[in-house]
Amino acid sequence: MKLPRTTLILILLALGLGGFVYFYEIRGATVREEIKEQKQQIFSFAADDVQSLTVKTKKLTLNLERNPKSSNPKWLIKSPVSEPANDAIVSYLMDLLVKGKSDSTLSTPAKELGEFALVQPQATINITLRNRQSHQLILGKSNFNGRFLYAQADPAAKPDGNINVLLVSTDFANAVNRELSEWKQPIDNSQKLPPLTIPKPSPTNSK
């Protein structure tokens with residue numbers, strides 16, 4: 001039985017549409033899920049494992065150490081000044097280091113790192129753990145749409161000579177690009193002495 005030309009065209013269109021739905025919706029969803037699962041934890045240490053941090057930006061090099069007394073504050077600034085640190089600010093950075101994930105990874109020749117601003121980075125974070133192990137995170141420029149930063153974690157060349165470039169949250173830039181005053185422990189105004197008041201002399205009666 002020979003099908004009419006119009007019917008045959010409709011069947012072919014239906015088959016084509018079905019294939020499109022399969023590859024885009026079903027197969028595409030699987031691929032997107034696989035890409036989502038490729039998000040990797042940047043580091044595997046815990047916050048309590050960290051003994052010291054060195055944050056180097058274009059304006060400041062800051063050395064932080066955990067308070068050996070384990071009291072308030074938890075962190076101390078060792079240089080460029082010696083003062084208690086702002087625990088909230090340090091905790092914000094620590095949370096990013098411990099929980100931060102890389103959205104994707106690019107395998108890049110070492111000679112092309114300058115294109116990601118990783119040769120002269122906006123910031124470098126050096127981490128020293130209690131067990132003397134060290135880690136490093138280098139932050140470059142934003143990607144084309146400004147959603148992520150290019151970065152390197154514990155940079156090392158692979159056997160093929162390429163280096164992994166990560167895409168990480170722009171929150172890292174917000175966490176490290178601060179003035180020194182922001183890293184210092186805030187002054188508790190409630191502990192300040194009240195201003196000195198001088199009593200007014202009592203009026204004298206004139207005769």
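The first residue of the sequence shown is numbered 1, and numbering continues consecutively from there.
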Specify whether Phe45 and His135 have parallel, tilted or perpendicular ring planes, treating 30° as the upper limit for parallel and 60° as the lower limit for perpendicular.
-> tilted
Quick one: does [X]'s side chain get under 4.5 Å of [Y]'s, heavy atoms only?
X	Y	answer
Gln122	Leu149	yes
Leu106	Phe116	yes
Val165	Thr105	no
Leu97	Leu137	yes
Pro73	Asp87	yes
Leu180	Val81	yes
Thr124	Leu139	no

Among Ile89, Asn86, Ile77, the one residue meeting side chain to side chain contact (heavy atoms under 4.5 Å, CB included) with Lys184 = Ile77
Might you point out which heavy atoms bring [X] and [Y] nearest each other, and give the distance in Å?
X	Y	result
Ala123	Val176	CB-CG2, 3.7 Å
Trp75	Gln51	CZ3-O, 3.7 Å
Val168	Ala151	CG2-CB, 3.8 Å
Lys58	Pro121	CE-O, 3.6 Å
Ala47	Val98	N-CG2, 3.6 Å
Thr170	Gly146	CG2-O, 3.6 Å

Does a donor on one side chain and an acceptor on the other come within less than 3.5 Å for [X] and [Y]?
X	Y	answer
Thr54	Asn63	yes
Asn164	Gln152	no
Gln136	Asn126	yes

Stepwise, does the side chain to side chain contact (heavy atoms under 4.5 Å, CB included) test hold for Ile127 with Phe43?
-> CA-CA 11 Å; Ile127 307 124; Phe43 298 111; 4.2 Å; yes
Nearest 0.5 Å, please: how far is [atom2] in [Y] from [atom1] in [X]?
X	Y	atom1	atom2	answer
Glu65	Ser82	CD	OG	9.5 Å
Phe144	Tyr150	CZ	OH	7.5 Å
Asp154	Gln133	CG	CD	9.5 Å

Candidate pair Leu113 and Ile163, rule side chain to side chain contact (heavy atoms under 4.5 Å, CB included), full reasoning | CA-CA 9 Å; Leu113 290 178; Ile163 294 177; 3.8 Å; yes
Indicate, with yes or no, if Leu96 and Leu62 share a hydrophobic cluster defined by side-chain heavy-atom contacts under 4.5 Å among Ile, Leu, Val, Met, Phe, Trp and Tyr.
-> yes
Assess whether side chain to side chain contact (heavy atoms under 4.5 Å, CB included) is satisfied between Leu129 and Asp49, documenting all intermediate values.
-> CA-CA 5 Å; Leu129 306 183; Asp49 296 333; 4.3 Å; yes
Counting N and O atoms only, with roles assigned by atom type, does the side chain of Glu115 sit under 3.5 Å from a partner on the main chain of Glu112, one being a donor and the other an acceptor?
-> no
Walk me through it: do Asp103 and Leu166 pass the test side chain to side chain contact (heavy atoms under 4.5 Å, CB included)?
-> CA-CA 7 Å; Asp103 189 77; Leu166 313 179; over 6 Å; no
